[in-house]
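Below is one structure, written out as structure tokens, with a few remarks after it.
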Amino acid sequence: MKSRVIVSTTINGEPTEFLCEPRQSLLEVLRDVLGLTGAKEGCNNGNCGACNVLMDGVLVNSCLVLGVEAESHRIETVEGLAVNGKLHPLQQKFLEHAALQCGICTPGFLLSAKALLDHNPDPSEAEVRHWLAGNLCRCTGYDKIVRAVLDAADSA
Amino acid sequence: MPHDVWIPPVHRDLTHGVERVAVDGSTIGAVIEALDAQFPGLAARLTDGDRLRPGIAAAVNGVVASRGLRQKLTDASEIHFVPAMAGG
Amino acid sequence: MTSSQYKVIGSRPLRPDGVDKVTGRAVYGADVKLPGMLHGKILRSPHAHARIVSIDVSAAQALPGVRAVVTARELPSVGDTVTDLGESVVNLRYMSNNILAHDKVLYHGHAIAAVAADNPHIAEEAARLIKVTYEVLPHVLDGRAAMAANAPILLPDLRTNELGKQGSSQTNVAEHIRHQRGDLAAGFAAADVIVEREFHTATVHQGYVEPHAAVALWNEDDQILVWCSTQGSFGVQEQMAELLQVPPSRVVVTPTEIGGGFGGKNSVYLEPVAALLSRKAGHRPVKMTMTRAEVLFGTGPTSGSYIRVKMGATRDGTLTAAEAEMIYEAGAFPGSPVGAGCGVLFGPYKLENVQVDGYDVVVNRPKSAAYRAPGGTNAAFAAEAVVDELTEKLGIDPIAFRLHNAVREGDRRADGPELPRIGFIETLEAARDHAHYSAPLPGKQRGRGVAAGFWFNWGGKSSASASVNADGTVNLVEGSTDIGGSRASLAMQLAETLGIPYADIRPQVVGTAGVGYNEGTYGSRTTFSTGWAVYELGKKILDEMRQRAATHWDVPVDGVTVQDGTFAHNGDSMSFRELAGQLEVPVSVSASVFPSGFGPSFAVHIVDVEVDVETGKVEILRYTAVQDVGKAIHPAYVEGQLQGGAAQGVGWALNEEYVYDDKGRLVNASLLDYRMPTALDLPMIDTVLVEVANPGHPYGVRGVGEVPIVPPAAALANAIYQATGVRMTELPMSPARVSAALLAAAVPA
Amino acid sequence: MQQFRYIRAHNVEHAATLLLQHDGRARILAGGTDLIVALRERRLETELVIDIKGIPEVSELSFDPVEGLRIGSSVPCHRIYNDATIVAKYPGLIDAASLIGGIQIQGRASLGGNLCNASPAADSIPALIVHGAICDIALPQTRRRVPVEAFCTAPGKTVLERGEFLASLHLPPPPPGFGAAYLRFIPRNEMDIAVVGVGASVQLDESRQRITAARIALGAVAPTPLFVQEAGDALIGAEPGDEAFARAAAIAQAAARPISDMRGTAEHRRHLVGVLTRRALAIAVERARK
């Protein structure tokens, strides 16, 4: 039985090919095969959001996607947020609002927040909280994260 | 000048219920030696070889002594033996 | 002191590690990758309590891709050495037993054996092929049940340390401690009102989002190199040395970025196992990471507890006596935070007649680890509920009552020593005067609760070094794991001391090979103690720079002054940067400190809730955390500590708990069913930073990280009472429990 | 995780044929939010994973005023609640689709997968039942139709037989005066499994003052999602209001067979069935009157 397959995909705008076993999740592929360790494993069953990435612009848990499913799809990770050396407004606002402490959940929050602002550029606090409820943060109590996202929306 | 040494409740069986003892000593170690002379067994409860027993700290005038048994005592001090705890 | 005295302290600059963390570049434990690296996996016990009859690893060893299998046989035997590993006092034999079970498994999830293989999937397959034969034993999960005469015995050699004396019979009670002052009977006799209640709190986990991760390489030259996510690299070094019986100098620990700790990443779990696997697998590096289930099965948690509290007060609201009994579940090995709980319990109050009895009891649950103000939340939940009931019975405003009884400088703690300058009164006054406290709260089933909290804080040993660069910047090399922005708070203190801009300090966290000894980032100590070290560095650098300036001008050093980063002599002056650019002899300094003037922290939390009396669900409408923070070096990061502590306390209060089945198996070991708060479960958390400078620190710093988790559960219980008239005495106050209590009390919808 | 092969099926026949060939040793992958976790945790074993998301029919989402709504079994939740027509016409379904997991779960999870996972606590199933949904089940050559309330047979078990898989779901078009709602109770406000879920739908007469038909379905209080026909029937002819809702709620409570587990106690669950049934009916009626 052939254990590995070639997958052609686009990651952060770059056409990318990789070899993976069908049992490897997209998260494993990103981290272990492609060296993109920005996506984090916090639970590996879709309950913490630390591994969130965008797949064709849709927010997904990369631990709940098989690497082979990325074939012909577009993946965006935290590594692709800053463009030409300039931080994405969300990244900048997370820093300014002290919206991270340990930082492990930050990449996942940034992707969730980006998906939100792409979908709804002017969210209310309630909408931000709803959209981020699939991302766990144990350090901040969410206050400063929510403020950072609202501020990023305002300044966009 | 003697120090005012407070005996922890769990060790007052050795001091026949006495809560505060006045003893001399130029270091915490010397104070414990003096206590032990008066109340045999106290040193064994408070020390482990040449150090304070793990989990026990000496507080001198409300401040945890960083040098353990070798902590110097200049003036008459109030001394407590308290649980050493750092936290999370 | 006013903040205007400072140029850097009190401002809110961006953290030095921020860009790495928002771009995904920061390297955490699981991100480490070394050439030739293998992957390890642990096999864990399916039983709560069982004797290990045999372990057969042959099938695992035979699986292609498997490079090593280890069991407890590979761990050197360590005697009953009791050692102080910073955050807690541990018996190393027990610690070794917890790393890999020797002859018995003592909880569901107890590690038994481990495999190293070419990839994590093979390692996992192989671990499943290890055959263990068990003789299942009766188990006990509850502390009070474990104290009963006929309870199953976990540790046959355990004897109670009964008020300082060693017991002689088998037991699950490791220790009975007592704080006692004054005359309890007389105190209660003087009281007009006495309230006595019993409380229960569940086992809860620290819940850091990053699971434990470590890479170890046991080299051919017997150096053991470790990269791991830890609160303290020197603590890892010490534990490795003791557990593996090697000299500490042979263990080199490099800390990675850490994805949260809260006390749970002081102990080692994976590191010694990875090292043993590395040696056995031909000295290849071995990476081990835990799944989330393993984190819940095998690390943390903090103790569940039973607490009985009795307090008395006179009609005018003066506390006359307080008594308590506290039973804390240590987990499978001794070492619950009951000692700290005993100290926190009545910590906020001036009491002449007080007795607290604490029991450290082993049960078939994971060995407890420190968790943010260890033992404090349990204690405050009990004591602050009793205080609330007293205020109600006496008809006195809850904050007025606390102000009347609050400890201040010179008052004695329950364990004896006098308190230094503290800010509890100021904190209570700030809470009383806050708009939240007087805001109307209209609507049915709504209530406002208040609770106070105390935490000791800690100083501890810290070292740091620094060197001046030719461009006028300063490299700061420190060994304190940065969990929530301490690179910034340390760089700010150095910048302030030197009189140069914050941006000119380049802080870096290094491991055991790169800096002098540091205790871990625990006990709310880093900004305080490592801050002290950094302050010393600053003074040393200025001294050396003044000498260099004196040489430059060819004048006596006494004639050179330095202020705001400018060196001057008789009208000549040079900026720090100019002087740095002309140094012929480089300037580099180091400092090590063990400061003792850490001051305790006090917090008062106010919370508004609405209870859905039909479902039992509690919604938090508004939350304010008020705290004496000494001097807030970086106010935004201090606020973050208050907010994060409050959020963890809310989770502990409302939903978090370990749930076991009748066989003693943990059934909710996932982030789906271990319910930590989400962004939808919390409102904005307002903070008030009360700044009563700590006289024991050059910049007035006192620890801020731990006390904010102490009051939340009590504040919520008191708010639920105000909303419904029902007093909740068991954590978590989950909807099922609240609903049952409301139905029992026939509270109308 | 165990090793398996992965195949992308081109069409319904291809997928069904693969399933038949592998006879119990193959699994259908749609959103993967349940399947991948189950494989990782070894609750399921498989040799082959068949990805059906490339099959046009099973990824189709379409509404026809006469035929009603057709939801391909791999259509993720986010496509459903981002469709204005469905939002307007199938409010109970929208309630469920927008609270399965968090936003990132809804980016992948499908109602078909939620149904096939056959959890007693699945959020979509009570909602589908009260909307009268029918399952379209595919075999290599034939099809059969089963009402959603008859689809689950035990926890994790369905009526699907060898080689069968769920191709799509069909919901009849809602007539005027129809309203539905799904409510669940969870201890947190997100990322939780229903302690109790209740779906309710009502058909009001032209005056909107009387109930002509009603359906009530319960989640997490029996081995399978429970359609309580007698609770709905008890509302026929009734005037909407507290009294009628309480009557239906009492019947629903009596039909529930809850257990105590890590997510809730039997007592609390039975209590919640009453509370949620009343609340869901009130919302359904309010929507029916709009």
Side-chain angles (χ1 to χ4, degrees), chain A residues 21 23-24 28 31-32 35-50 77-79 81-82 87-88 90-92 94-108 110 125-126 128-147, chain C residues 12 14-15 17-28 30-31 33 119-121 206-211 257-262 289 291-292 483-485 623 634 636-637 639-648 650-651 670-672 676-687:
Chain A
E21 291 186 50
R23 65 178 168 181
Q24 286 182 292
E28 281 178 82
R31 292 178 52 81
D32 299 343
L36 295 168
T37 54
K40 303 299 180 190
E41 178 185 316
C43 72
N44 218 17
N45 56 9
N47 294 306
C48 77
T77 73
V78 70
E79 286 90 347
L81 277 182
L87 294 182
H88 186 278
L90 278 163
Q91 292 172 310
Q92 189 60 35
F94 266 57
L95 291 178
E96 289 171 9
H97 284 268
L100 56 143
Q101 286 182 31
C102 81
I104 195 86
C105 68
T106 307
L110 287 168
E125 181 193 332
V128 171
R129 287 186 181 277
H130 174 69
W131 199 277
L132 298 181
N135 291 74
L136 288 176
C137 170
R138 192 62 158 172
C139 295
T140 65
Y142 305 102
D143 181 299
K144 293 182 188 302
I145 294 176
V146 173
R147 289 180 199 276
Chain C
R12 300 175 180 232
L14 303 191
R15 57 196 287 170
D17 51 324
V19 169
D20 278 352
K21 285 179 177 163
V22 297
T23 54
R25 257 196 312 267
V27 176
Y28 291 82
D31 302 336
K33 194 172 183 180
N119 71 47
H121 295 283
Q206 293 79 352
Y208 29 79
V209 171
E210 178 201 32
E257 295 297 339
I258 180 172
F262 313 110
T289 59
T291 63
R292 176 55 53 178
I483 318 186
Y623 203 107
H634 190 303
Y637 296 156
E639 291 160 9
Q641 291 298 315
L642 272 57
Q643 292 164 335
Q648 280 186 313
V650 166
S670 77
L671 293 183
L672 183 61
M676 310 200 299
T678 72
L680 266 181
D681 298 313
L682 293 165
M684 290 298 188
I685 298 169
D686 199 4
T687 59

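In what follows, every chain begins at residue 1, and chains take the letters A, B, ... in the order their sequences are listed.
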Over all heavy atoms of both residues, which pair between Val146(A) and Glu125(A) is shortest? Give the atoms and the distance, please.
-> CG1-CG, 3.8 Å

Looking just at side-chain N and O atoms, do Glu96(A) and Gln92(A) make a donor-acceptor pair shorter than 3.5 Å?
-> yes

What residue, out of Arg25(C), His121(C), Arg12(C), has the most heavy-atom pairs lying under 4.5 Å from chain A?
-> His121(C)

What part of Glu210(C) is in contact with chain A, defined as an atom under 4.5 angstrom from a non-hydrogen atom: side chain, backbone, both or neither?
-> both

Intermediate values then yes/no, side chain to side chain contact (heavy atoms under 4.5 Å, CB included), Met684(C) and Gln643(C) = CA-CA 9 Å; Met684(C) 290 298 188; Gln643(C) 292 164 335; over 6 Å; no

Lys/Arg-Asp/Glu bridge criterion (N-O < 4.0 Å) met for Glu41(A), Arg31(A) | no

Tell me, side chain or backbone of Val650(C) under 4.5 Å from chain A's heavy atoms, or both, or neither?
-> neither

Go through the side-chain N and O atoms of Gln648(C) and Gln206(C) and say whether any donor and acceptor fall under 3.5 Å apart.
-> no

Quick one: what part of Leu87(A) sits under 4.5 Å from any heavy atom of chain C, side chain, backbone, both or neither?
-> side chain

Residues Tyr142(A) and Arg129(A): closest non-hydrogen pair is CB-NH1, 4.2 Å

Looking at His97(A), Glu21(A), Glu28(A), His88(A), which one has more heavy-atom pairs under 4.5 Å with chain C than the rest?
-> Glu28(A)

Closest non-hydrogen atoms of Ile104(A) and Pro107(A), given as atom of the first, atom of the second and distance, are O-CD, 3.6 Å

Portion of Ile258(C) that has a non-hydrogen atom of chain A nearer than 4.5 angstrom | backbone

Please determine, among Pro683(C), Pro120(C), Gly261(C), the option with the most heavy-atom pairs under 4.5 Å with chain A.
-> Pro683(C)

Ala646(C), part contacting chain A, at a heavy-atom distance under 4.5 Å = neither

For Phe94(A), check ring-ring contact (aromatic ring centres under 6.0 Å, His included) against everything at least two apart and list the hits.
-> none

Contacting moiety of Asn44(A), where chain C heavy atoms sit under 4.5 Å = neither

Let me know if Thr140(A) has heavy atoms under 4.5 Å from chain C in its side chain, its backbone, both or neither.
-> backbone

Part of Phe262(C) within contact of chain A (heavy atom distance under 4.5 Å) | side chain

Pairs of heavy atoms under 4.5 Å with chain C: top-ranked of Leu110(A), Val128(A), Leu100(A) = Leu100(A)

Are the side chain of Glu639(C) and the backbone of Thr687(C) linked by a donor-acceptor contact shorter than 3.5 Å?
-> no

Which bit of Asp20(C) is near chain A, if near means a heavy-atom gap under 4.5 Å: side chain, backbone, both or neither?
-> neither

For chain A, find which of Gly18(C), Ala647(C), Gly640(C), Ala636(C) contributes the most heavy-atom pairs closer than 4.5 angstrom.
-> Gly640(C)

Here the pair of heavy atoms bringing Gly207(C) nearest to Arg138(A) is O-CG, 3.3 Å

Residue from Gly42(A), Cys48(A), Gly38(A) scoring the most non-hydrogen pairs under 4.5 Å with chain C is Gly42(A)

Interchain contact, Leu136(A) with chain C, by part (heavy-atom threshold 4.5 Å) = both

